[in-house]
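Presented below is the structure to which this report refers.
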Amino acid sequence: MMSAGWLFLAAMIAAYGVANLLQSVAATRTSVHHTFDPQLLVRLACHRTYLLGLVCQVLGFVLAFLARRDLPLFLVQASVAAGLGVTALLGVLLLKWTLPVAEVALLALLLGGITALVLSAQPAHSRQLGASGVIGLAVAVAVIGVLGFFAVRLHGAMGSVVLGSLAGIAFSAAAIAARPLAMEQSVAGFCTDPLLYLLIAHSIVGQLLLGLAMQRGSTTAAVAAMDAAGAVPAAIVGLLLLGDRIHPGREWLAGIGFVVTLAAVIALTRYAEPQHHHATAQPASGRRAERARLHPAAR
């Protein structure tokens, strides 16, 4: 009988795919930010498209949280990347995106890698994360924030990839916190568990970094970088510390699936092309000069 975790996983992929598309559209309609400024999230929240995308992302997050009760992190986190396929398909159908042949081939390769991981994963409940793990997650929030402060100065494809990668690490840390937290039985224990607040902190930082990444280039590149960077830490911690399991005799299939998935998302950061174009916000002096040029009588 199919575990509920598999159903949650399939629904999560669809939710994240829609969320990526909607948030990308909103991010490219907002003036580009060149500082690590949380006000970007406030400005994005003024767009109904972004809010709808955020609702889809929260739904995907909840479904991922439920899937992690039974399914290993290496599968759930890698499957988040499958949302790229949903995003690309919807972009082509609804927004008339044009995908290069290399990008289509890599998306097909990504699907093959995810399929191998699904076949190799063995459902199991999580072990608890020790005090050192909790401290490590707390330190990671500060480190990611500092790196994001400097990385926001990067522009173009490089900015998308670096900021997307940092977002992926933040979301990976949130996933590591969520796996043992999902096993909490009581509401009081859930609300007082420090993992809950670390999960929230990492998610907010990741959301800000993803918004900044989507403003700088290809949606596919930004999300692919996020998924690639987020898959590895979660997989390692899950297998070493949280009791994630692979079906006996299928370790080779899990290894191939993970490598293929990772290679596909890394390659997407190189071959994906920008889908949106918008003007960078001009400084005040630049806007005054432009108005004077267009309306000479107002000089």
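Shortest non-hydrogen contact noted between Ala175 and Leu73 is O-CD2, 3.8 Å. Heavy atoms only, all atoms of each residue included: Ala14 and Val86 are closest at O-CG1, 4.1 Å. The shortest non-hydrogen separation linking Ala170 to His202 is O-CB, 3.3 Å. The shortest non-hydrogen separation linking Gly53 to Ala19 is O-CB, 3.4 Å. Taking both residues in full, the closest heavy atoms of Phe74 and Ser120 are given as CE1-OG, 4.3 Å, listed atom of the first, atom of the second, then distance. Ala124 and Gly243 get closest at one heavy-atom pair: CB-O, 4.2 Å.
Taken from CD1 in Ile114 to CG in Leu111, the straight-line distance is 8.0 Å, to the nearest 0.5 Å. Atom CG in Leu110 sits 10.5 Å away from atom CG in Leu262 (nearest 0.5 Å). Separating the CD1 atom in Ile176 from the CD atom in Gln77 is a distance of 8.0 Å, to the nearest 0.5 Å. Atom CG of Leu66 sits about 11.0 Å away from atom CG of Leu71, to the nearest 0.5 Å. Within the model, atoms OH of Tyr197 and SG of Cys191 stand 5.5 Å from one another, a figure rounded to the nearest 0.5 Å. The distance from the CG atom of Leu107 to the CG atom of Leu89 is 10.0 Å, given to the nearest 0.5 Å.
Val92 and Val101 are assigned to two separate hydrophobic clusters, defined by single-linkage of ILVMFWY side chains at heavy-atom distances under 4.5 Å. With hydrophobic clusters built from ILVMFWY side chains whose heavy atoms lie under 4.5 angstrom apart, Val260 shares a cluster with Trp252. Val259 and Val118 sit in two unconnected hydrophobic clusters of ILVMFWY residues. Membership requires side-chain heavy atoms under 4.5 Å apart, directly or through other members. Grouping the Ile, Leu, Val, Met, Phe, Trp and Tyr side chains by contacts below 4.5 angstrom, directly or via other members, places Val55 apart from Ile204. Under a hydrophobic-cluster definition in which Ile, Leu, Val, Met, Phe, Trp and Tyr are linked whenever side-chain heavy atoms come within less than 4.5 Å, directly or via other members, Val187 and Leu199 are assigned to different clusters.
Put simply, the side chain of Leu129 reaches to within 4.5 Å of the side chain of Leu137, judged on heavy atoms. Residues Asp70 and Phe8 have side chains not in contact (no heavy-atom distance under 4.5 Å, counting atoms from C-beta outward). Using a 4.5 Å cut-off on side-chain heavy atoms (C-beta onward), Gln57 and Tyr16 make contact. Within the 4.5 Å cutoff, side-chain heavy atoms of Gln128 are placed close to those of Met183. Proximity of Glu184 to Leu195: side-chain heavy atoms (C-beta onward) are nowhere separated by under 4.5 Å. Between Leu209 and Met226 there is no side-chain heavy-atom pair separated by less than 4.5 Å. Residues Trp6 and Leu75 meet the side-chain proximity criterion, which asks for heavy atoms closer than 4.5 Å. By the 4.5 Å heavy-atom criterion applied to side chains, Val232 and Phe258 are counted as neighbours.
Side-chain N or O atoms of Arg250 include one that pairs as donor or acceptor with a backbone N or O of Leu119 at under 3.5 Å. The backbone N or O of Ala222 sits nowhere less than 3.5 Å from a side-chain atom of Ser160 that would complete a donor-acceptor pair.
Counting only residues at least two apart or on different chains, the side-chain hydrogen bond (donor to acceptor under 3.5 Å, both in side chains) pairs with a member in residues 223-248 are Arg179-Asp244.
Every side-chain contact (heavy atoms from CB on, under 4.5 Å) that Ala151 has, sequence neighbours left out, goes to Val162, Leu163, Leu166.
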